[in-house]
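Being a predicted model, the structure only gives us computed values, none of them experimental.
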Amino acid sequence: MKKISTFLIVAAMAFSFAACGGAKQEGEAGTTPETEEVENVTSDVTEETSGNVVDQYISLVDKYAELMVKASEGDANAAEEAMKITQELGTLSQNEEFMAEIGKEENMKKFQEAQQKMADAAQQIAAK
């Protein structure tokens, strides 16, 4: 029951971050504190896939799915990192370049596969 409730909480927070990406307060250097934390967590992912924002999104989804499995097993650090990646996914999905790239057929297919991967991870967690 704890695993399911943990997953549901993280999933609810993930969707809320993705849905509410608009109004953020800016920090001293013109960045938000959340952005600074997410950049630290996801820098390895974005360095590996610099260039195509859709590939960055897919890499983040892969990392998110792995972390969610760990979080469902009780790893609090994995749950925290998954939340940060959720923020980055929300920010990236609202990026104009991402929206333009996702309009291309090949990238839409990749995006749909990434969404299916997230759904499969959720089903795997729920089945435990």
Kindly list each side-chain donor-acceptor pair under 3.5 angstrom involving residues 100-111, sequence neighbours excluded, with atom names and distances?
unit_1	atom_1	unit_2	atom_2	d
Glu101	OE1	Lys104	NZ	3.4
Glu101	OE1	Asn107	ND2	3.0
Glu101	OE2	Lys104	NZ	3.1
Asn107	ND2	Glu101	O	3.0
Lys110	NZ	Asp55	OD1	3.2

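- Residues Ile85 and Leu60 share a closest heavy-atom pair of CG2-O, 3.5 Å.
- Atom CE of Met68 and atom CD1 of Ile125 lie 4.5 Å apart (nearest 0.5 Å).
- By the 4.5 Å heavy-atom criterion applied to side chains, Gln123 and Asp120 are counted as neighbours.
- The heavy-atom pair separating Ala114 from Val61 by the smallest distance is O-CG1, 3.4 Å.
- In plain terms, the two heavy atoms of Leu67 and Ala82 that are nearest each other are CD1-N, 3.8 Å.
- Expressed to the nearest 0.5 Å, how far CG of Asn52 lies from CZ of Phe98 amounts to 9.5 Å.
- Of all the heavy atoms in Asp75 and Asn77, the pair that sits closest is OD1-N, 3.0 Å.
- Nearest approach of Met99 to Ser93, heavy atoms of both residues: SD-O, 3.2 Å.
- Separating the CD atom in Glu66 from the NZ atom in Lys117 is a distance of 8.5 Å, to the nearest 0.5 Å.
- In this structure, OH on Tyr57 lies 5.0 Å from CG on Leu89, to the nearest 0.5 angstrom.
- Annotation for Ala71 and Ala78: closest pair N-CB, 3.8 Å, computed over non-hydrogen atoms.
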